[in-house]
Amino acid sequence: MRTPDSGAPAGADERADTLFGDPPATAEAAEALQERWAPLVRQEPLDLAGVSLVAGLDVAYSPGDDRLAAAAVVLAAPDWTVVETATAVSRPRFPYVPGLFAFREAPALLEAVAGLRAEPDVWVCDGFGLAHPRRFGLACHIGLALDRPVLGVGKTPFIGRAEPPAAARGSWSELVDGGEVVGRCLRTRDGVKPVYVSVGHRVDLASATELVLRLAPRYRLPEPVRQADRRCRERLAAA
DNA sequence: GCGACAG
DNA sequence: ATCTTGTCGC
């Protein structure tokens with residue numbers, strides 16, 4: 001068993017414990033972990049022609065009790081039909097703190113992911129990746145945990161500034177924070193409020209943008225996120 | 001110091 | 001996130 005203070009550098013098993021479960025005791029500790037992990041995020045092009053399975057992740061909270069349900073769905077190209085769904089119900093083990101979102105939702109999400117048989121080519125999270133105060137949002141957290149390509153799609157701005165994109169679907173503008181481009185503000189439907197795309201891990205902004213556009217042929221939100229949202233709510237209603 | 005603040 | 005009805009528009 002791992003000792004709390006062996007003096008060793010961030011070991012892989014030590015990372016795994018907190019990336020997958022065991023939430024840190026304090027907000028300060030959580031922030032320190034994000035700063036430690038942020039340098040491990042990689043940005044690289046994703047071959048969209050080779051993408052046949054895309055996963056979507058989302059969480060829903062119970063109105064009455066403190067339960068939460070996470071859903072992991074898998075959709076197949078080219079029409080993005082849902083081919084598999086896995087869910088998990090649990091309790092939040094970390095309070096909601098803007099910027100520390102992943103410590104609250106990632107454990108349940110990864111539990112749902114563990115129930116999946118398929119091996120998606122890329123994963124889409126409801127939230128941000130590099131567009132984060134410490135450049136380590138939920139999509140990065142999930143990306144390192146799975147060591148797979150992951151991108152984040154946010155519905156409302158969090159950090160950074162972006163000019164409103166042109167009204168046509170496909171238009172986008174840079175999301176800039178501290179002089180850095182941390183994501184894109186992307187219009188997925190003509191004249192409809194844009195979404196915010198950012199890199200989670202092992203994808204680049206251009207690939208992420210193009211993929212989100214293809215995943216959202218009809219609705220504002222990409223299909224994987226829409227479906228995941230639907231499934232976790234159903235799971236909560238069911239039991 | 002003050003306000004803002006993913007889901 | 002969640003509490004909440006109808007309503008305007010394509």
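Just so it is clear, the values below take in all heavy atoms, side chains as well, and ignore hydrogens, waters and symmetry mates. Quick note on labels: first sequence line is chain A, next is B, and so on, each numbered from 1.
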Enquirer: Between Tyr96(A) and Glu105(A), do the side chains contain an N or O donor and an N or O acceptor separated by less than 3.5 Å?
Expert: no
Enquirer: Could you state the atom-to-atom distance from CZ of Arg233(A) to P of dT4(C) in whole Å?
Expert: 14 Å
Enquirer: Leu100(A) CG to dA1(C) P: how many Å, rounded?
Expert: 18 Å
Enquirer: Check whether any side-chain heavy atom of Glu35(A) lies under 4.5 Å from a side-chain heavy atom of Phe136(A), and answer yes or no.
Expert: no
Enquirer: Find out whether Trp123(A) and Pro224(A) are in side-chain contact, i.e. whether some heavy atom of one side chain is under 4.5 Å from a heavy atom of the other.
Expert: no
Enquirer: How many whole angstroms separate atom CG of Leu57(A) from atom C1' of dA1(C)?
Expert: 17 Å
Enquirer: How many angstroms lie between atom CG of Leu215(A) and atom CZ of Arg226(A), to the nearest 0.5 angstrom?
Expert: 12.0 Å
Enquirer: Report yes or no: does Arg220(A) contribute a side-chain atom to a donor-acceptor pair with the main-chain N or O of Val195(A) at less than 3.5 Å?
Expert: no
Enquirer: Please evaluate residues Leu146(A) and Leu110(A) with respect to the criterion side-chain contact (heavy atoms from CB on, under 4.5 Å), reporting the C-alpha separation (whole Å), side-chain torsions for both, the decisive distance (0.1 Å), and the verdict.
Expert: CA-CA 9 Å; Leu146(A) 301 178; Leu110(A) 292 170; 3.8 Å; yes
Enquirer: Looking across every strand, which nucleic acid part, if any, lies under 4.0 Å from Gly152(A) by heavy atom: base, sugar-phosphate, or nothing?
Expert: nothing
Enquirer: Within this structure, what is the CZ-to-C1' distance between Phe101(A) and dA1(C), rounded to whole angstrom?
Expert: 8 Å
Enquirer: Tell me what Pro133(A) touches on the nucleic acid: a base, only sugar-phosphate, or nothing, going by heavy atoms under 4.0 Å.
Expert: nothing
Enquirer: Please find the earliest and latest nucleotides of DNA chain B, in the 5' to 3' direction, that have an atom within less than 4.0 Å of any heavy atom of chain A.
Expert: dC5(B) to dG7(B)
Enquirer: Determine the contact category for Leu138(A): base if any of its heavy atoms lies under 4.0 Å from a base atom, sugar-phosphate if only primed atoms, P, OP1 or OP2 are that close, otherwise nothing.
Expert: base
